[in-house]
Amino acid sequence: MTCDAPAAEPTVWRSYGTRRRSTRAVRVRVCAALVAVTVLAVLLVPPLAQLDQQAVDLAAKLRPPSWAHPFGTDDLGRDLLLRCVYGLRVSLLVGLVAALVAAVVGTAVGAAAGALGGWADRAVMRVVDTLSSVPHLLLGIFVVALFRPGVVPVAVSVASTHWLSTARIVRAEVLSLRSRPYIDAAVSGGASRRRVAVRHLLPAVAPQAAIAATLMVPHAMWHESALSFLGLGLPAHMASLGNLVQGARGSLLAGHWWPTLFPGLFIIVPTLAVAGLAGAWRERLNPRRRSELML
Amino acid sequence: MPGRTPVLSVRGLSVRFLMPGGRRVAAVTDAHFDVAAGECLALIGESGCGKSVLASALLGLLPANARTAGRALLGDLDLLAADERTLSRTVRGRLVGLVPQSPAAHLTPVRTVRSQTQETVSALTGVRGRAAVRAAARAAADRAAFPADHLDRYPHELSGGLAQRAATALALVGDAPLLLADEPTTGLDRALVDRTVDELRRHVDAPDAAGGTGRGLLMITHDLAAAERVADRVAVMYAGRLVELADAASFFGTPGPRHPYSRGLLQALPDRAFAPVPGMPPELGDLPEGCAFAPRCPRASAACAALPATVGGLACHHPLPGDDGEAPSPTASSTEDIRA
Amino acid sequence: MLELRSVTAGYARKAPVVHGVSLAVAPGEAVGLLGPSGCGKSTLARVAALLHRPDAGTLVLDGEPVRRWRHRAPRAQRTAVGVVFQQPRLSADPRLRLADLIAEPLRATGRREEAPRRVPELAAAVGLTRDLLGRRPHEVSDGQLQRACLARALVLRPRWLICDEMTAMLDASTTAALVAAVEDYRAATGAGLLAVGHDHTLLHRWCDRTVHWDDLSDAVAGEEGLVTPSPVTDGS
């Protein structure tokens with residue numbers, strides 16, 4: 001065998017690790033599809049449907065799933081599919097608003113604590129610890145109790161209990177970044193404290209904060225459902241998912257499973273899909289994966 | 001090395017990375033070399049020339065977008081064709097010991113050196129029983145000159161030199177016939193570099209468990225002084241290709257390197273001319289048709305538009321004069337070092 | 001003059017890594033500071049660059065004693081010292097393209113209009129091609145990134161340059177190229193240099209004079225085998 005002749009471009013190429021990648025890709029696609037279906041349903045069904053979700057038809061109450069009513073009807077004869085979509089709409093709205101508020105507040109507090117350090121950091125983090133030690137739901141109930149039922153108080157209640165984890169994540173990230181030589185280099189290049197924070201620290205923590213916020217959407221939806229289920233959340237006539245499950249309790253005991261099952265699935269499936277997507281996103285951000293080519 | 005059986009023999013190893021947008025990065029192209037038992041081959045080159053990718057390919061640690069071709073035979077086993085199961089059960093640690101680039105990061109921070117060594121001993125060897133494992137771990141540490149009274153320390157309590165020895169001890173546990181050292185001296189100071197490579201050399205020369213001729217060592221480094229200290233042979237990599245494979249004594253001494261790139265690299269040393277090779281290495285995703293070094297080469301001519309053949313371990317149209325004072329013709333007989 | 005007078009510094013009050021060290025660099029002079037890994041020389045370099053407040057001792061920069069450190073130091077004093085660190089990967093903001101990385105100090109000091117002229121000029125001086133300037137740090141090699149970090153240190157035309165193990169991670173050719181770029185800059189501007197490192201051959205060749213760490217301080221933190229953990233001098 002001789003190696004002297006320049007070999008032609010080798011033709012037999014072997015690949016690596018395709019199986020692991022493909023299962024991950026499938027998982028991501030399934031999650032993305034579910035999220036897309038959810039969003040489309042929430043946006044498109046209400047304007048397209050000819051039916052009124054509040055239309056009461058006592059003659060058709062508690063019908064099991066059928067072609068006319070794929071999810072069946074509730075104890076007032078209202079179409080459950082339509083109710084679920086409207087409920088998801090409300091829950092998603094509350095979840096999104098709450099997650100956004102919580103992410104912004106959490107990032108601001110966490111970044112300030114991490115960047116300032118010293119006594120400011122200690123004071124802020126003690127407050128965060130104290131609030132974290134109170135059960136979320138209890139704190140949430142306390143906040144809603146202060147207002148009249150509605151979307152805004154529920155969103156505020158959920159947000160006020162959920163910014164804590166974001167603040168922790170962001171602070172830890174800022175602390176680890178603060179001692180990086182590139183921050184030193186920026187300081188040496190004349191950057192002010194504000195510029196270091198805005199140009200170098202915030203963009204670095206933004207992805208982490210965004211992931212935390214995304215993971216918070218399902219969490220906030222669960223929280224909203226729990227509050228509504230307890231009768232403390234949205235007014236009973238609003239079709240939130242929590243309200244739907246709450247209203248169906250009586251029929252469940254009578255053996256009518258569909259008014260509980262379908263709203264329940266509407267809580268579980270989209271939230272899991274969002275969480276799955278956020279998880280995959282976090283994995284992608286892992287710096288070891290960011291550059292597939294490491295020389 | 002005639003007369004010695006190769007531990008590792010690499011034939012036509014190529015690695016491509018498929019990048020988004022259909023771009024292909026030629027990280028390693030058509031590498032041929034052998035590592036014999038009791039021999040150290042130093043693979044040198046600038047950062048980003050593909051030498052670390054070559055190491056990853058040998059260990060089966062390439063990312064999912066990589067494609068390989070060619071063979072890397074370790075005994076009867078082709079490392080490039082082996083599946084993950086074979087690699088993890090029989091290759092890593094048992095057939096190839098890895099001496100890592102940053103030993104402190106290679107060790108588990110929350111466990112002591114002793115516990116990690118013992119775990120490695122029970123995973124890689126047949127030693128069973130608490131006392132026996134303990135003794136074997138101590139012996140392993142001893143072989144790497146790791147002081148016994150430091151065994152109960154955590155990695156962050158070790159100096160750079162001791163962390164390197166701890167990592168070397170782990171690499172030696174499986175008594176692998178081939179040691180692969182990936183930039184083992186980066187960031188260490190000169191005294192530590194010397195000690196580290198001397199110790200590696202000792203492990204190469206020490207007879208293996210079967211009383212054989214010692215281990216083979218493939219050391220990947222950009223530190224030319226370290227390579228000079230430890231290597232029997234030197235392989236120079238440029239833009240993913242091995243451009244020169246030479247005896248270390250003649251490479252670092254007289255007549256010196258024959259490839260203009262190797263010459264330039266040596267002349268950049270502060271104890272030589274301290275003059276950089278002009279320009280920068282080409283992108284591995286966008287290599288020229290012919291000799292990749294031609295744009296930076298003082299000897300380049302029209303002939304360099306074609307890829308030079310590798311003759312006697314040298315891939316150059318216009319090599320510098322060797323022992324016999326003239327460029328060898330393709331019929332020169334000094335090719336045994338890259339032949340099987 | 002850049003003068004360090006009996007500087008004691010560290011990360012924990014009770015265990016300073018630098019003990020009473022004095023060192024002076026004259027204008028235009030190149031001083032090499034040699035010392036083993038983990039001896040505290042990187043900490044001293046950070047003090048000299050106004051990035052770390054010493055526990056005791058003073059830094060006098062061009063006759064002016066430094067009283068405030070990091071962000072609080074007057075901008076003119078801070079930017080009179082350019083600094084290059086050992087690990088280019090950690091020294092570059094991963095989100096900035098190399099051109100923005102080099103121009104960042106100009107923007108931070110309100111001189112962004114100079115960037116279009118200065119960036120290509122410096123890129124040429126450190127040997128970066130136009131194509132590389134548009135890339136982000138993870139798309140270039142260590143050597144190329146360190147070239148950009150050197151350009152960033154030079155962009156404000158500092159009177160003092162501190163190179164802390166600048167070439168420890170780099171191959172011989174890139175080392176020679178970076179040292180040549182530093183020397184070209186110093187020849188043109190008369191800037192002083194403090195080069196910290198462990199490579200005798202390199203620093204002897206590079207600098208006017210070299211001093212050894214052990215000759216500057218009487219006590220050195222960390223015995224063989226047990227070093228004081230220091231979060232910032234990581235890897236040195």
Side-chain angles (χ1 to χ4, degrees), chain B residues 19 44-49 51 101-102 104-105 146-147 149-150 153-163 165 183 185-193 221-225 227 238 261 264-286 296, chain C residues 32 34-39 41 86-89 126-129 131-132 135 139-147 165 167-181 183 197-207 213 222-231 234-236:
Chain B
M19 304 304 279
I44 61 179
E46 288 169 89
S47 65
C49 75
K51 53 193 195 303
Q101 172 166 14
S102 42
F146 186 89
D149 56 336
H150 283 58
R153 295 211 169 149
Y154 289 90
H156 69 270
E157 296 175 318
L158 299 173
S159 67
L162 285 185
R165 286 190 208 176
E183 302 275 10
T185 59
T186 301
L188 300 181
D189 58 48
R190 187 49 56 195
L192 268 178
V193 167
T221 185
H222 63 250
D223 185 338
L224 297 172
Y238 184 76
Y261 171 66
L265 208 52
L266 270 193
Q267 288 307 312
L269 285 174
D271 50 356
R272 300 198 185 204
F274 203 27
V277 181
M280 272 194 294
E283 294 299 321
L284 294 176
D286 185 25
R296 304 170 73 184
Chain C
L34 281 165
S37 296
C39 69
K41 56 192 194 303
Q86 175 176 9
Q87 288 176 303
R89 295 270 156 230
V126 298
L128 285 175
T129 56
D131 162 54
L132 289 170
R135 300 212 200 156
E139 298 166 319
V140 302
S141 72
D142 275 8
Q144 291 162 341
L145 195 53
Q146 191 67 305
R147 287 171 196 255
E165 299 271 19
T167 60
M169 317 285 285
L170 307 177
D171 57 83
S173 177
T174 312
T175 298
L178 282 177
V179 169
E183 288 310 299
H198 59 247
D199 190 334
H200 295 251
T201 328
L202 173 68
L203 291 190
H204 281 301
R205 180 79 185 246
W206 182 2
C207 300
W213 180 256
E223 51 190 281
E224 169 60 30
L226 186 65
V227 294
T228 317
S230 55
D234 170 41
S236 67

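Every chain is numbered from 1, with letters handed out A, B, ... down the list of sequences.
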- Query: B:Leu224 versus chain C, heavy atoms under 4.5 Å apart: side chain, backbone, both or neither?
  - Reply: side chain

- Item | Minimum heavy-atom distance C:Ala176-B:Ala275, with the two atoms named | CB-C, 3.9 Å

- Query: Looking only at atom types and distance, does a side-chain atom of C:Arg205 sit under 3.5 Å from a main-chain N or O of B:Arg272, one as donor and one as acceptor?
  - Reply: yes

- Query: So which heavy atom on B:Leu265 is nearest to which on C:Ala172, and how close?
  - Reply: O-CB, 3.8 Å

- Task: Search all heavy atoms of C:Thr129 against all heavy atoms of B:Met280 and return the closest pair with its distance.
- Result: N-CE, 4.1 Å

- Determine the minimum heavy-atom distance between B:Pro270 and C:Thr201, stating which atoms define it. CB-O, 4.0 Å

- Note on the structure: Turns out that what part of C:Val140 lies under 4.5 Å from chain B's heavy atoms comes down to neither

- Is it the backbone or the side chain of B:Ala273 that comes under 4.5 Å from a heavy atom of chain C, or both, or neither? backbone

- Item | B:His222 side, atom NE2; C:Thr175 side, atom OG1 - distance, nearest 0.5 Å | 7.0 Å

- Message: Given 3.5 Å as the limit, does a donor-acceptor pair link the side chain of C:Ser173 with the main chain of B:Val277, or not?
- Response: yes

- Nearest-0.5 Å distance, CG of residue B:Asp223 to CG of residue C:Leu170: 11.5 Å

- Item | B:Glu283 portion near chain C, given a 4.5 angstrom heavy-atom threshold | side chain

